[in-house]
Amino acid sequence: MSEHSHHGGGAPATAPDETPDRRAWAAPLISTVLTLPMGLVALFVAGLSPMACDSCNGAAADRFHDSWTVGWTVLWIGLLVALAVLIAAWAVPHRLRHAARRVGLALAAPATVVVAFVAFMALVDWP
């Protein structure tokens, strides 16, 4: 039996993989290229959306404005969370053992933008 084998259900005696990941920049870069423009488009569309109620008046205008304010706040919070996740994807150590975490964060950033925008659209009481 080799000296590195083990008995029972414990972890193997080998050290975690500390090998540098030469492609560690790829997932965060692709995520950045997707997330930032998506966030800007979401802000642009949401910012123009009050024009949907230009002809509204009275109670309809009040409902739209109140719901738009809530949706706008949720959108901004979601975009800030997406930015934090994107920064975290870049900050993960460039080791092979962290590759899955880095890719997961890189995928979560644009997904968070999409969820925030969908939440905005759902929260607004459109005329």
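Heads up: numbering here begins at 1 and tracks the sequence. These values consider heavy atoms only, across backbone and side chains, with no hydrogens, waters or symmetry-generated copies.
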Item to check | ILVMFWY clustering at 4.5 Å (side-chain atoms), partners of V70 | outcome: V74, L123

Checklist entry - If you link I, L, V, M, F, W and Y whenever their side-chain heavy atoms are under 4.5 Å apart, who else ends up in the same group as L107? => result V103

Checklist entry - Got a donor-acceptor contact below 3.5 angstrom from the S31 side chain to the P28 backbone? => result no

Checklist entry - Does the W126 side chain pair with the main chain of M121, one donor and one acceptor, at a distance under 3.5 Å? => result yes

Any side-chain heavy atom of [X] within less than 4.5 Å of one from [Y]?
X: P20; Y: H94; answer: no
X: F44; Y: L40; answer: no
X: R95; Y: T19; answer: no
X: F64; Y: D125; answer: no

Next on the checklist: What I want to check is whether the side chains of H98 and R101 have a donor and an acceptor closer together than 3.5 Å.
Outcome noted: yes

Checklist entry - Would you say the side-chain atoms of W90 and T32 include a donor-acceptor pair closer than 3.5 Å? => result yes

Next on the checklist: Nearest 0.5 angstrom please: N57 CG to D62 CG, how far?
Outcome noted: 9.5 Å

Item to check | Ion pair R97/D21, N-O distance below 4.0 Å | outcome: no

Checklist entry - Any idea how W72 and W68 line up, ring-wise: parallel (<30°), tilted (30 to 60°), or perpendicular (>60°)? => result parallel

